[in-house]
Structure formats: structure tokens, C-alpha cells
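Taking it in order: structure first as C-alpha cells, then the write-up.
Heavy-atom basis, side chains included; hydrogens, waters and symmetry copies ignored. First the proteins, then the strands, lettered A, B, ... as listed; each starts at 1.
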Protein chains: 2
Amino acid sequence: MADRFAEIESFVKIVESGTLSEAARRLNLSLAATSRRLSQLEQRLGVLLVRRNSRHLSLTEEGSLLYERAGQALLAIDDVETDVMRRATEATGLLRIVTTIGAGRTRLAPLFRDYATLHPDVAIHLETAQHATGIIEGGHDIAICFDPPPDSALMMKHLADNPRFLCASPAYLNRRGRPHRVAELSAHDNILVGEAQQEIWRALVGGDTGPRVTLSTNDAELARAWALDGAGIVIKSQWEVEDDLAAGRLEAILPDLRLPPSVIAALYLPGQAEAAKVRSCLDFLARHLRKGALMAA
Amino acid sequence: MADRFAEIESFVKIVESGTLSEAARRLNLSLAATSRRLSQLEQRLGVLLVRRNSRHLSLTEEGSLLYERAGQALLAIDDVETDVMRRATEATGLLRIVTTIGAGRTRLAPLFRDYATLHPDVAIHLETAQHATGIIEGGHDIAICFDPPPDSALMMKHLADNPRFLCASPAYLNRRGRPHRVAELSAHDNILVGEAQQEIWRALVGGDTGPRVTLSTNDAELARAWALDGAGIVIKSQWEVEDDLAAGRLEAILPDLRLPPSVIAALYLPGQAEAAKVRSCLDFLARHLRKGALMAA
DNA sequence: ATGGAATCTTGCGCAAAACGCAATCTAGCA
DNA sequence: TGCTAGATTGCGTTTTGCGCAAGATTCCAT
């Protein structure tokens with residue numbers, strides 16, 4: 001089937017121009033093509049739309065009908081297309097964000113409030129979830145999480161480094177003593193969170209023996225609860241435990257140790273890099289997380 | 001530029017189907033083409049419309065926007081197109097007719113009233129004009145006239161034959177005598193209407209001398225006025241003079257003479273043969289003019 | 001855990017269609 | 001009668017849109 005849109009578009013332009021030649025000029029099209037489009041439209045609909053000879057044009061009743069109603073519809077399509085296209089350059093609409101950073105929500109929340117103030121046309125919907133899985137199923141634009149696994153289907157933007165510490169509860173440290181050298185760690189009860197931390201531990205204590213692991217889990221909150229309860233030493237990032245450190249519920253150990261930082265990153269779909277609301281929000285986050293926000297804490 | 005209509009049509013079908021494959025089936029299109037149309041639409045608008053991986057689809061906000069508004073517009077276009085297409089099979093709408101048959105309007109008027117009664121969905125607009133020229137400029141669907149000259153740009157439908165008579169006013173005939181043989185015509189005052197009648201006269205009286213023409217005009221009404229005024233013998237068709245004959249204002253001469261009849265014909269634009277209202281009206285006229293209507297008078 | 005089924009994407013070759021050019025035709029006008 | 005502006009149509013070229021098939025990804029069942 002021929003291009004219905006182009007046919008009707010040409011027809012409308014012809015009606016508005018009064019001549020095929022003028023319509024052709026406005027359409028940046030040859031007169032021949034314009035003429036043929038009209039003929040094809042008439043043939044497809046099986047009805048004469050424009051009475052014409054070499055000098056005059058006039059609409060049949062069917063032509064008027066089509067012009068009135070289809071012309072409106074075409075304008076509606078143009079409107080919505082430009083509306084949609086504007087989203088590529090102007091940040092507007094609803095930005096749906098999901099984050100797995102439970103403890104960090106106190107960090108993120110005010111940031112998004114600032115962003116929303118700065119961009120009155122963007123509405124923020126912030127969701128928390130256990131797992132960052134399912135940007136697509138959840139209908140989210142951005143996912144913010146710690147140390148996301150590489151995913152070929154998703155874009156990743158590094159937002160900030162999140163320094164890691166060794167820490168434990170004062171009760172535990174009082175009971176088992178405060179380690180002052182790395183080597184002493186082997187004698188302690190160590191809590192392991194996730195797979196990735198195993199390597200950090202191994203690099204820390206050296207050798208192939210590995211740390212003495214009393215408890216391990218994949219749940220960061222669970223590990224925190226153990227640590228608070230005095231179960232042992234755990235690796236935690238600043239965002240996760242800054243409140244506990246400030247309140248004295250946890251104590252940092254060997255603070256001069258430079259552990260590889262946890263990465264705070266945003267995940268988004270490749271195509272969404274074109275959406276202004278996504279781009280502007282990611283830029284905003286990267287800017288405000290990187291400079292000072294973490295250090296100040 | 002790509003086919004905007006097909007792009008959006010595919011997009012809407014995808015949204016409504018929930019999967020590309022299903023949409024492809026409904027569109028009678030390959031999956032590949034469907035996928036590409038969506039990609040092209042997104043690329044043209046510069047924005048991601050559908051979040052997708054191999055298993056799940058979900059709309060972005062831009063997608064929802066487009067679906068709501070463009071979907072409506074597409075339906076509107078489908079609607080008006082089917083409306084217009086229906087005109088090819090169902091007689092509906094306004095039928096604009098022009099006729100040059102001044103004296104015959106008393107014949108045509110009741111016929112159109114009957115037609116309108118028979119086709120309640122068709123509204124008739126009947127106009128009279130001096131010349132049948134300008135179907136296009138006047139925006140008419142049908143022109144009805146006597147003996148139209150052949151026009152390659154117009155279709156012609158023969159509606160009925162309109163018998164011709166020689167006639168003159170009783171006053172003239174009383175003064176100059178009633179001819180009983182063709183040969184006597186040469187001695188009479190003859191009124192000539194238009195170019196075509198010259199040949200009829202020539203065939204009638206024979207030879208190359210031609211008739212004795214006292215008055216000639218291209219205006220049928222003018223010729224009628226002369227004849228009524230007793231200026232001479234004129235060739236007139238039944239429609240033009242039946243009232244005058246019935247009222248005794250004119251008298252037929254040599255009624256056995258078979259003059260070539262005048263033709264009552266309809267002119268219309270080639271493309272309009274597809275419009276049901278035009279077709280049905282022409283058929284109706286031909287049927288009712290041919291059988292009986294003329295003879296009965 | 002591993003293989004299978006369903007789904008989407010993409011490269012490639014082909015065929016259909018749309019375009020522009022130019023010749024032709026028509027109508028109005030000097 | 002020739003001239004101009006506009007519309008149609010045949011023809012050759014180019015675009016492009018399509019289907020096929022291979023590849024990739026995800027979910028599910030064994």
C-alpha cells in the first residue's frame with residue numbers, strides 16, 4: 001500500500017495552496033510526484049476528490065470531507081510528534097527512578113528535591129527496591145545502585161566513589177580488641193557481604209588462606225545488623241554506615257587503609273540517553289555527588 | 001522521509017499487542033519490518049518510546065504520550081477514509097447539478113424531486129446557467145444540457161432524445177400560409193439557432209443554396225421570442241416548445257418530418273463515475289427520461 | 001545447571017515503488 | 001494565433017522497504 005500519510009499530507013497542501021505546483025513547492029517535491037500522490041489517493045479511496053483541469057481546482061464534497069477531518073488529524077499528529085521530539089532537548093515529564101540503595105535514601109532524597117526545584121517541568125518518582133533488576137518491567141528510566149554488574153543491555157554512568165571502611169561495634173571491639181595492623185584481621189570474626197568482597201578481603205590479608213569468615217550473606221542490611229550486634233568486622237561503604245559511625249553504634253578500624261571504593265552508578269537504557277530529562281538528571285547527580293557531598297559527611 | 005503513517009500505525013499495534021511478533025502478525029508484516037519501523041520512529045523522534053528486551057515491553061512516558069494522541073488521530077483518519085470510500089457505493093451527500101436547459105426546467109424539477117424522495121441521503125442542488133461551461137469552476141457534479149459539444153475532458157451520458165419540430169406562430173402561418181411540402185420552406189422566413197442547425201436545414205431543403213434565413217441567433221430563447229412574434233419558422237425541440245404548442249402560441253408544421261432529434265445529455269467528470277450519488281442520479285435520469293416521460297407529453 | 005523455546009535485532013540481497021526529468025496536453029490570455 | 005502557466009504521463013534511475021536467515025537474549029523446563 002502506498003504511503004497514506006504522504007498522500008493525505010499532499011492532498012491537504014494542495015487544498016491549501018490552490019494549485020498543484022504551489023503545493024509541490026511547499027512540499028519540496030516535484031510537480032509530477034504531487035500530481036501522482038493525489039491521483040493515487042483518489043484511486044485508493046475510489047472517489048474523485050479534486051475537480052481539476054490545467055487551470056482550475058475545486059473540491060468535491062468528498063474532498064471537503066477529507067480535508068476537514070483528515071487535516072485536523074494530521075495536525076494532531078504533527079503536534080504530538082513535536083511534543084515528543086521536544087522531550088529530547090527539554091527536560092519535561094515524569095522521571096521514574098528506582099534505587100536499591102536502602103541506607104542511602106537519606107542522601108538521595110534531598111538531592112532529588114533540589115533537582116526538582118531546579119527543573120519545575122520534571123516530576124520525580126523515586127522507588128526503592130531490593131534488586132535493581134527489571135528497569136524494563138518496572139517501567140523505570142533510571143536505576144541507581146552500588147557496584148552494578150556489567151550488563152551489555154544497559155548503559156552505566158559512574159556517579160561517585162563511595163569509600164569503604166572496616167568497622168565493627170564498640171562492644172565487639174572492646175571484647176576482642178582493636179586491630180592496629182592488617183595482619184591481626186585474620187584472628188577476628190569477619191562478616192562477608194556478597195561475592196565481590198571476597199576478593200577485597202583476600203587482597204587485604206594476603207595469601208591464599210583467606211580471612212576467617214564467621215558469617216556471610218548477600219544482604220547488606222543483614223550484615224549491618226550482625227555488625228551492630230557485635231558479630232564481627234565488616235566492610236561497609238560510607239553511605240551505608242555514616243549514621244552508625246556518627247551515632248557511635250559502629251567504629252571504623254584501620255582508617256588509613258585504602259580499600260577499593262564502592263561505586264555509585266546509574267543504569268539506564270541506551271535509547272534514553274537522548275531523553276533530556278534523563279540526561280539532565282544524570283548530569284545533576286554526577287555533579288552534586290562528586291564534588292563535596294561525600295566528603296562533607 | 002520514511003512513511004510516518006506506517007511507523008505510527010505499527011507503533012500503535014505494538015502497544016496494543018504487547019509484543020512485536022503479535023503486532024507483526026496483525027499487520028501482516030514480518031517481524032523484522034515491524035522491529036525496524038519502531039526503531040526508525042524512535043530515531044526520527046530522537047526518543048526511546050518502548051523499553052524492550054527479548055522478553056518484555058513497556059512504554060516510556062514519551063511512548064504513552066504518542067500512543068494516546070497519535071492513536072486517536074489514526075483512528076480519525078481511518079474513519080474519514082472509510083466514510084469517503086463509502087461514497088463510492090452508497091449515494092449520500094450533496095449533489096450539485098447545473099443545467100442550461102432553461103425551458104426544460106419544468107421537466108427536470110419534478111424528476112429531481114422524485115429522485116430526492118427515493119434517495120433520502122442525497123440532497124439536490126439544482127442550478128441554472130447560460131452556458132454549460134465550467135463544471136470545475138462552478139463546483140458541479142453534473143451538467144445537463146442540449147447537444148453538448150464533444151469534450152475530451154468530460155464524460156457524456158446520453159439521457160434522452162428530444163424530437164425536433166418545425167414550428168411557427170399561428171399569426172405568421174395565417175399570413176404566409178402553412179407549408180405542406182418540404183420544398184415550400186425555401187419561400188418562408190426561417191429562423192436559425194446556432195451553428196448545428198444549419199446542417200439540418202441544408203439536409204431538409206437540399207441543394208447548396210440553403211434556406212432563406214431572415215434571422216439567426218445563438219440564443220434559443222431569443223429565437224423562440226421571434227417565432228412567437230411571428231417572425232418565421234424555427235426548428236425547436238419538444239422540451240423547448242411543448243408549452244407553446246399546448247397553449248396554441250406556436251403551431252407544428254409538417255409533423256411527419258423526422259428531423260434528427262436534439263440530444264439531452266449529462267456531462268460529468270471522469271472520476272465522478274465512481275461516486276455513487278452521481279452514478280445513481282444519472283441512471284435514474286436516463287431511465288425516467290427515456291421511458292415514457294417524453295412520449296407522454 | 002543446561003538445553004530449548006520464544007522473542008527481538010541486524011546484515012544482506014532483491015524487488016517494488018517513488019521520484020525527477022522531459023515530453024505532451026490543456027486552458028486562459030495577449 | 002502564439003504564449004504562458006499548470007497538469008498529466010512515460011521512462012530511467014535511485015531509493016527504500018521488505019523478507020530471509022543468522023545471531024543474541026531471556027525465560028522456562030527438564
B/Leu29 side chain, from C-beta outward: closest of D/dC18, C/dC8, C/dG20 = D/dC18

inquiry  = Heavy atoms from C-beta onward define the side chain here; which of C/dT9, C/dC8, C/dC19 lies closest to that of B/Ser21?
reply    =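 The answer is C/dC8, which lies nearest to the side chain.
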
message = Pair B/Glu16, B/Arg26 - check salt bridge (charged side-chain N to carboxylate O under 4.0 Å, His left out), show working.
response = CA-CA 10 Å; B/Glu16 288 169 354; B/Arg26 296 192 197 177; 5.2 Å; no

Could I get the full list of salt bridge (charged side-chain N to carboxylate O under 4.0 Å, His left out) partners for [X], not counting sequence neighbours?
X	answer
B/Arg279	none
B/Arg37	none
A/Arg96	A/Glu127

Check this one for me: any side-chain N or O of [X] less than 4.0 Å away from OP1 or OP2 of [N]?
X	N	value
B/Ser35	C/dT9	yes
B/Arg52	D/dT25	no
B/Thr19	C/dC8	yes

message = Applying side-chain hydrogen bond (donor to acceptor under 3.5 Å, both in side chains) as the test, list every pair that has at least one member in residues 70-80 of chain B; sequence neighbours left out.
response =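 Passing the test, one end in residues 70-80 of chain B: A/Arg4-B/Asp78.
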
Let me know the distance between [atom1] of [X] and [atom2] of [N], rounded to the nearest Å.
X	N	atom1	atom2	value
A/Phe5	C/dA18	CZ	P	16 Å
B/Glu42	C/dT10	CD	P	11 Å
A/Gln40	D/dT9	CD	C1'	13 Å
B/Arg51	C/dT7	CZ	P	21 Å
B/Leu31	D/dG19	CG	P	10 Å
A/Arg4	C/dA17	CZ	C1'	18 Å
B/Leu20	D/dG19	CG	P	14 Å
B/Glu7	D/dC18	CD	C1'	15 Å

A/Arg69/B/Glu81 ion pair, N-O < 4.0 Å = no

ask   = Partners of B/Glu274 by side-chain hydrogen bond (donor to acceptor under 3.5 Å, both in side chains), sequence neighbours excluded?
value = none

query = With distance as the sole criterion, do the side chain of B/Arg37 and the base of D/dG19 form a donor-acceptor contact below 3.5 Å?
reply = no

Which pairs, protein N/O on one side and nucleotides 26-30 of chain C N/O on the other, fall under 3.5 Å?
{"from": "C/dT26", "atom 1": "O2", "to": "A/Ser54", "atom 2": "OG", "distance (Å)": "2.8"}
{"from": "C/dA27", "atom 1": "O4'", "to": "A/Ser54", "atom 2": "OG", "distance (Å)": "3.1"}
{"from": "C/dG28", "atom 1": "OP1", "to": "B/Glu137", "atom 2": "OE2", "distance (Å)": "3.1"}

Considering every strand and a 4.0 Å limit on heavy-atom distances, what is the contact class for [X]: base, sugar-phosphate, or nothing?
X	answer
A/Arg36	base
A/Ala32	base
B/Thr34	nothing

